[in-house]
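Let me begin by handing over the structure; questions about it come next.
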Amino acid sequence: MPVVLRICMLGSSFGQSMSRHKKLKSVNLEAQSNCLDTKSTGIDVEDNGHGEDCKSTGIHFFPPLYAKRYRLAVETLTKYDIKSVIDFGCAECHFVKHLSSVPCLEAIALVDINKELLVSKQKTIAPELRHFIFKRKNPLHVSLLAGSAEETDSRVSHFEGVTMIELIEHLYPDVLQKVTHNVFGNIKPRLCLVTTPNSEFNVLFKNADPNKFRHWDHKFEWNQTEFKSWCEEICRRYNYIVEYTGVGLLPDKETHHLGYCSQAAVFCLNHQRVFSQSLSNEHFSLCYELIAEADYPFEKETCSLNERIDLEVKYCVQYLASSLRKENSGNDEGPVALQISRILNFPNIKSFCDEDAVRESLHRCEYQISDDQLIVYVPEEENDENDVNTEEDQCVAHQVCQDYEMHLESWD
């Protein structure tokens, strides 16, 4: 009986970024009066998640801007095969719902200075029903930590990646300087993704004063030149290279010179970093407070790579032989001759095997192979006992190919 799962997309309440490295007890009323009137624009600039159409500006982001930023982060971490990541300024922890889908990740550290908020949101990091049904191919450990981005905890000092999504604009200059040094000078991640509002885009909101900030807690909003200047100084001082991108680019080419609504920088370490866990522990202490942690379910491998190859090759051989016997129904006697190259047409084989590996597997499975190593002979009795040419079996075979395509994305 089919089971229908409704997996709600993550939402985001007003002020999600408000807890990013700041104290919420004191509200700066003067700053609040100087922020953009985003209600009149209907633009999702501060993760409100509504994305209403705006008749006065005609601007509408769908999916919402916060979702676009999360997608950018997921794609970047996947592209660079990051195994561990720290998300500074995690706020309400919504990002973990996206991070848990990154196949290469094995450890996630969510860090925020607002302990009270983290305690209230600690259940957010727990695996959902979908994670138990569609299990990951490798383990994933998530930790929720209360602490400052100005400091490095020894438990995360060796992490490969760092994300700071809409964080830096909430920091005073002296704090930003310390955070920058801690991330790029102490942690030295292989990759760091930073996003921040692009002030040049604000003129499209059609507010009376385009110089107003988008949020009352923003300490600054940089234009594209200012942001690039900050990034280039990081590259010069800490030996990184940077690539610029962003989210929220309007389709109207006349506005492209204004850039993205949310500008982004992808920093990559300019050389391979060598580190050890023991060395990290000597330099850093346990300065973060662990609020909660969770381990996600995954499928444990019970056989070696060669054993998996043998299973797949044998299945594909049987499937092809059965198909050929059906096509040549008038001549069922004797073994079926298959071109070995045809086995590589199966996506699950082609993804992690070359033709030589297929031949080695055929030898292990004791198939007879021609002298020129191009043909494999499939015995008649094997086809009869393992007929997979029914309509139902063809559907199963198609699904097996699809499943292994997904599985083999995680193989090195």
Side-chain angles (χ1 to χ4, degrees), residues 1-3 78-79 81 83 101-106 130-140 297-412:
M1 182 176 181
V3 179
T78 303
K79 175 182 177 180
D81 194 32
K83 298 291 192 298
S101 67
V102 180
C104 55
L105 279 178
E106 297 177 0
R130 61 189 174 99
H131 297 118
F132 290 91
I133 297 176
F134 306 104
K135 293 182 180 179
R136 294 172 52 87
K137 303 303 179 182
N138 59 311
L140 174 64
F298 67 100
E299 294 181 359
K300 297 181 180 179
E301 298 293 343
T302 58
C303 58
S304 67
L305 179 59
N306 280 343
E307 289 173 331
R308 295 190 65 83
I309 293 175
D310 292 349
L311 288 172
E312 284 304 306
V313 167
K314 191 171 183 179
Y315 178 87
C316 294
V317 166
Q318 294 171 5
Y319 179 77
L320 289 171
S322 180
S323 298
L324 285 176
R325 285 195 174 277
K326 184 176 181 181
E327 293 174 6
N328 304 314
S329 55
N331 183 18
D332 292 334
E333 297 181 0
V336 174
L338 293 176
Q339 291 184 354
I340 293 177
S341 59
R342 289 192 62 185
I343 301 174
L344 289 170
N345 291 333
F346 283 78
N348 51 316
I349 295 293
K350 192 174 183 179
S351 297
F352 69 117
C353 279
D354 58 17
E355 196 162 333
D356 290 336
V358 171
R359 289 193 185 94
E360 292 175 5
S361 176
L362 292 171
H363 283 296
R364 287 196 298 268
C365 295
E366 299 182 349
Y367 283 104
Q368 182 182 355
I369 300 178
S370 63
D371 294 337
D372 59 7
Q373 301 292 301
L374 299 178
I375 304 295
V376 58
Y377 299 99
V378 186
E380 179 181 2
E381 60 272 12
E382 186 167 334
N383 300 317
D384 295 336
E385 295 174 2
N386 299 280
D387 190 358
V388 291
N389 208 43
T390 65
E391 181 177 353
E392 180 180 358
D393 288 333
Q394 288 181 16
C395 293
V396 172
H398 177 70
Q399 183 61 47
V400 166
C401 289
Q402 286 187 327
D403 290 345
Y404 272 93
E405 277 189 281
M406 296 178 62
H407 168 77
L408 293 169
E409 289 178 358
S410 63
W411 281 95
D412 290 333

To the nearest 0.5 Å, what is the distance between CD on Glu360 and CG on Asp354?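 Spacing of CD (Glu360) from CG (Asp354) equals 8.0 Å.
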
Would you mind reporting whether Ile340 and Ile369 have side-chain heavy atoms less than 4.5 Å apart?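 In short, these two side chains touch, coming nearer than 4.5 Å.
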
Does atom CD of Gln339 have more than 12 heavy-atom neighbours from other groups under 6.0 Å away? no

Might you point out which heavy atoms bring Pro297 and Phe132 nearest each other, and give the distance in Å?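 Scanning both residues, the minimum pair turns out to be CG-CD2, 3.7 Å.
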
Do any N or O atoms from the side chain of Arg359 and from the backbone of Leu374 form a donor-acceptor pair under 3.5 angstrom? no

So Leu324 and Arg342, do their side chains get closer than 4.5 Å, heavy atoms only?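 Of all side-chain heavy-atom pairs linking Leu324 with Arg342, at least one is under 4.5 Å.
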
If you measure from the Lys or Arg side-chain nitrogens to the Asp or Glu carboxylate oxygens, is any gap between Arg308 and Glu312 under 4.0 Å? no

Do side-chain atoms of Ser322 reach the backbone of Gln318 as a donor and acceptor pair under 3.5 angstrom?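 No; judged by distance alone, with no hydrogens or angles, the pair does not exist.
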
Could you go through Val317 and Leu362, starting from their C-alpha distance and side-chain angles, then the distance that decides it, and tell me whether this counts as side chain to side chain contact (heavy atoms under 4.5 Å, CB included)? CA-CA 9 Å; Val317 166; Leu362 292 171; 3.9 Å; yes

If every non-hydrogen atom of Leu140 is compared with every non-hydrogen atom of Leu105, which pair is closest and at what distance? CD1-O, 3.8 Å

Just wondering, are more than 12 heavy atoms of other shown residues or ligands nearer than 6.0 Å to CG in Asp371? no

Under a 3.5 Å threshold, yes or no: a donor from one side chain and an acceptor from the other, between Ser304 and Asn306? no

With the side chain counted from C-beta on, respond yes when Ser361 and Arg364 share a heavy-atom pair under 4.5 Å apart, and no when they do not. yes

May I ask you to decide if Pro103's main-chain N or O and Asn138's side chain share a donor-acceptor pair within less than 3.5 Å?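 Yes, because the side chain of Asn138 sits within donor-acceptor range (under 3.5 Å) of the backbone of Pro103.
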
